[in-house]
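Written out below as structure tokens is the structure these notes cover.
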Amino acid sequence: MCSLAFARSLGFALIPLATCCIVANILLFFPDGKISLAQNDHVTMYVWYFMGIGGGGLVMLIPACVFLGMGKCVDSCGTDSCAMCGSVFAALVGLAGSAYCFLISAVALLKGPYCKNGGEWMYPFMDDGGSYLFAREKWSKCVQPAHIVEWNVTLLSILLGLSTLEFLLCFLQLISGLVNAVCRPCCYKQEYSLNT
């Protein structure tokens with residue numbers, strides 16, 4: 001029974017994380033608060049991969065809903081082990097979504113923002129290998145939109161952190177579900193044989 005309560009608590013934890021991923025990804029579309037930049041395709045191409053909206057957001061709602069509905073699943077399945085098998089599959093979906101969000105955010109962070117540099121829109125830090133992150137004096141290469149480097153670094157770092165937390169929570173449920181699905185029937189068999 002405590003494994004079901006653990007799964008439900010993870011489901012409750014995943015909902016705000018998924019919501020924050022969606023919000024962070026949406027904010028990446030509007031650097032400097034201007035809609036025209038997204039309309040003119042002057043945002044980094046990785047924003048269009050929807051890593052926060054899809055991977056860390058909507059996909060993460062699948063395991064969250066499964067984990068929250070674990071009690072109902074036990075009633076319909078008949079056993080905790082059956083319900084835990086379902087949570088293992090949901091955790092695998094969550095692991096895939098959070099890994100996707102993490103990887104795309106990391107690549108976008110390493111490539112740097114898409115900005116106006118010397119009258120031309122480009123990725124000025126593309127061949128930098130991410131060293132621009134530790135050299136603030138290089139950030140002035142991006143003239144427009146204002147503060148685009150800070151905007152991207154902050155939001156992509158948030159996505160990295162959130163997707164890491166989501167990955168850890170889904171991994172915990174994967175381990176818990178596997179242990180309960182595999183070990184629980186064995187324990188019941190031993191208990192039954194000892195009582196007879």
Side-chain angles (χ1 to χ4, degrees), residues 2-31 35 37-39 41 43-77 80-114 123 130 133 151-182:
C2 60
S3 57
L4 295 176
F6 179 69
R8 286 179 55 87
S9 65
L10 292 181
F12 280 119
L14 285 174
I15 291 174
L17 292 174
T19 305
C20 290
C21 280
I22 292 169
V23 169
N25 195 162
I26 290 171
L27 288 174
L28 281 168
F29 280 102
F30 308 109
I35 297 173
L37 294 171
Q39 290 173 338
D41 205 24
V43 294
T44 179
M45 69 177 184
Y46 293 104
V47 173
W48 297 103
Y49 287 38
F50 299 110
M51 65 281 200
I53 295 171
L58 297 176
V59 170
M60 202 52 59
L61 293 177
I62 295 169
C65 290
V66 170
F67 298 164
L68 288 172
M70 291 290 288
K72 294 177 181 139
C73 187
V74 170
D75 294 339
S76 63
C77 282
D80 285 352
S81 299
C82 179
M84 284 299 148
C85 287
S87 78
V88 166
F89 291 119
L92 289 172
V93 169
L95 288 172
S98 60
Y100 175 77
C101 182
F102 183 88
L103 291 174
I104 300 297
S105 299
V107 170
L109 195 59
L110 288 174
K111 191 169 183 178
Y114 186 70
Y123 291 97
L133 294 167
W151 185 260
N152 272 19
V153 168
T154 301
L155 291 172
L156 290 170
S157 297
I158 288 170
L159 282 171
L160 284 171
L162 293 172
S163 61
T164 301
L165 286 173
E166 290 173 341
F167 188 89
L168 291 173
L169 292 177
C170 287
F171 185 73
L172 283 173
Q173 182 54 36
L174 176 71
I175 298 300
S176 172
L178 284 174
V179 167
N180 280 299
V182 172

Using modelled atom types only, decide if a donor and an acceptor are shared between the side chain of S98 and the backbone of G94 within a distance under 3.5 Å.
yes
Checking S105 side chain against F102 main chain: does a donor-acceptor pair fall under 3.5 Å?
no
If you compare all heavy atoms of [X] against all heavy atoms of [Y], which two are closest, and at what distance to 0.1 Å?
| X | Y | answer |
| --- | --- | --- |
| G56 | C101 | N-CB, 3.7 Å |
| V59 | G97 | CG1-CA, 3.9 Å |
| V88 | G177 | CG2-C, 3.6 Å |
| L14 | C170 | CD1-SG, 4.2 Å |
| G57 | I22 | CA-CG1, 3.7 Å |
| A7 | F67 | O-CB, 3.1 Å |

Taking only residues two or more places apart in sequence, or in another chain, which ones meet [X] in a side-chain contact (heavy atoms from CB on, under 4.5 Å)?
| X | result |
| --- | --- |
| I175 | F171, V179 |
| L103 | none |
| S157 | L109, V153 |
| L110 | none |

When you compare the side chain of N152 with that of Y114, does any pair of heavy atoms fall below 4.5 Å?
no
Would you call L172 and F6 a side-chain contact if the rule is heavy atoms closer than 4.5 Å?
yes
How long is the gap from [atom1] on [X] to [atom2] on [Y], to the nearest 0.5 Å?
| X | Y | atom1 | atom2 | answer |
| --- | --- | --- | --- | --- |
| L17 | L61 | CG | CG | 10.5 Å |
| Q173 | L178 | CD | CG | 9.5 Å |
| N25 | L58 | CG | CG | 10.0 Å |
| I26 | I53 | CD1 | CD1 | 4.5 Å |
| L155 | L28 | CG | CG | 4.5 Å |
| L68 | F12 | CG | CZ | 5.0 Å |

Side-chain donor-acceptor pairs under 3.5 Å in residues 161-168, sequence neighbours left out?
unit_1 : atom_1 : unit_2 : atom_2 : d
S163   : OG     : L159   : O      : 2.8
S163   : OG     : L160   : O      : 3.0
T164   : OG1    : L160   : O      : 2.7
E166   : OE2    : A18    : N      : 3.4

Could you tabulate the donor-acceptor pairs under 3.5 Å formed by side-chain atoms of residues 44-51, not counting sequence neighbours?
unit_1 : atom_1 : unit_2 : atom_2 : d
W48    : NE1    : D41    : OD1    : 3.4

